[in-house]
Number of protein chains: 2
Amino acid sequence: MRRLILDAALHLFRTKGYEGVNMRNIAEAIEYSAATLYLYYKDKNELYFALQFEAAAAKRDHLLPAMEVLDPMERLVEFGRRYIDFGFKHPDLYDLLFITKAPMEHIENQECWALGIATHTFFVETVQACIDQRYFKSTDAATIAYTLWCHAHGLVSLFIRERMRMYPEDQRQALAAKSFEMIIKMAESL
Amino acid sequence: MRRLILDAALHLFRTKGYEGVNMRNIAEAIEYSAATLYLYYKDKNELYFALQFEAAAAKRDHLLPAMEVLDPMERLVEFGRRYIDFGFKHPDLYDLLFITKAPMEHIENQECWALGIATHTFFVETVQACIDQRYFKSTDAATIAYTLWCHAHGLVSLFIRERMRMYPEDQRQALAAKSFEMIIKMAESL
DNA sequence: AAATTTACTGAACATTGTTTAGTAAACAAC
DNA sequence: GTTGTTTACTAAACAATGTTCAGTAAATTT
């Protein structure tokens, strides 16, 4: 039943966007009453956390191929490329994971958090592997990882939240791509 | 009257956060009925745009001292520092300007847009000035500016939207500061 | 057969954005 | 000075949405 609710919610979510979905919508889609949803999820927040878990799983799956690249520097680049690609291809899921102002209190107790942490840890470890293999002179893996993440997240979220209107629509993706190339070049000087 | 409404709205906004404010709230604060607000603003969107203008003005004022630095590279660094500082000090305003999912359609017609564009143009021109004075080898001012913006925005927005929970709360600001230093160092290799 | 548990729902409530119909005061025109 | 018009405002209602509650009916247990 939870599966049924989640699938319907996620589908609505991805087609109609976050705003366009409400409890009655979801209930309707699975031909139950809205009250039924509250039997399986305490409130909208709990449903939100469950959706976040789905999104985190989708993201992990999207990043998976990058994790298998052997050379740490190539892996890092591919990881970044795929992270950004995920954001552009699934703006609703990305939004859910990294932008939505939602009950972030106690998210540490949610299973979606563990998934996100695992991915983040893998990312930092990849940076550390680059350091170990002398790709970087700096040895501050945490700050390097965070700096790269800031760039990627800024890039995706400015795009998703429509703050690139000063650039013609058909040039935004290209600019993002150029910026990604640039940050890689910059990182090589670290 | 618009002044009265805006001041009340902005004040509520900054104390109770974006979510915690509604038309009735604002009306109450100035001791009028909610319907009155609709005499001065067509709908919540128009009020939103007006608030965005206030936020844009506050941001410009916050950045103003940086604009007066003579050396373009120092100016660029100070600009970045103050941009980030603004985001940390006024998360609600920053949110309003760069994160809130709100009616971005037709924002080009709003006065707040002009203000934002002016600041952005100044930023790109500063990068261009750095190029002209051989601070960078790269000559792509647009991409450099955008890349730096992505980093700063990512940094601020991950913080504001509580996506840094994997770092202890008392270390987040320090990490952000270190990352800012790092991106400057990286930029010097451009 | 009776009691209890499980699964579900219609109706209601609270909150919030928005509209409508109307009031009352100020002002204008004759 | 009465009448019409404009201005400033509001109470009440409507619609959408999150949430709760009382109740029903089938399944299961005793």
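The figures that follow rest on heavy atoms only: side chains count, while hydrogens, waters and symmetry mates do not. Chain letters run A, B, ... following the sequence lines, proteins first, then strands; residues in each count from 1.
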K.L.:
Is a donor on one side and an acceptor on the other found under 3.5 Å between the side chain of B/Arg75 and the backbone of B/Met73?
P.N.:
no

K.L.:
Got a donor-acceptor contact below 3.5 angstrom from the B/Ser179 side chain to the B/Leu175 backbone?
P.N.:
no

K.L.:
Please say which of A/Leu39, A/Thr36, A/Leu47 ends up in a side chain to side chain contact (heavy atoms under 4.5 Å, CB included) with A/Ile5.
P.N.:
A/Leu47

K.L.:
For the CH2 atom of A/Trp149 and the CZ atom of B/Arg163, what is their distance to the nearest 0.5 Å?
P.N.:
9.0 Å

K.L.:
Would you say CZ of A/Arg3 has more than 12 non-hydrogen atoms from neighbouring residues, nucleotides or ligands within 6.0 angstrom?
P.N.:
yes

K.L.:
Sugar-phosphate means primed atoms, P, OP1 and OP2; the rest is base. With that split, encode nucleotides 7-21 of chain C 5' to 3' as B, S or - using protein heavy atoms under 4.0 Å.
P.N.:
-BBB-B---BBBB--

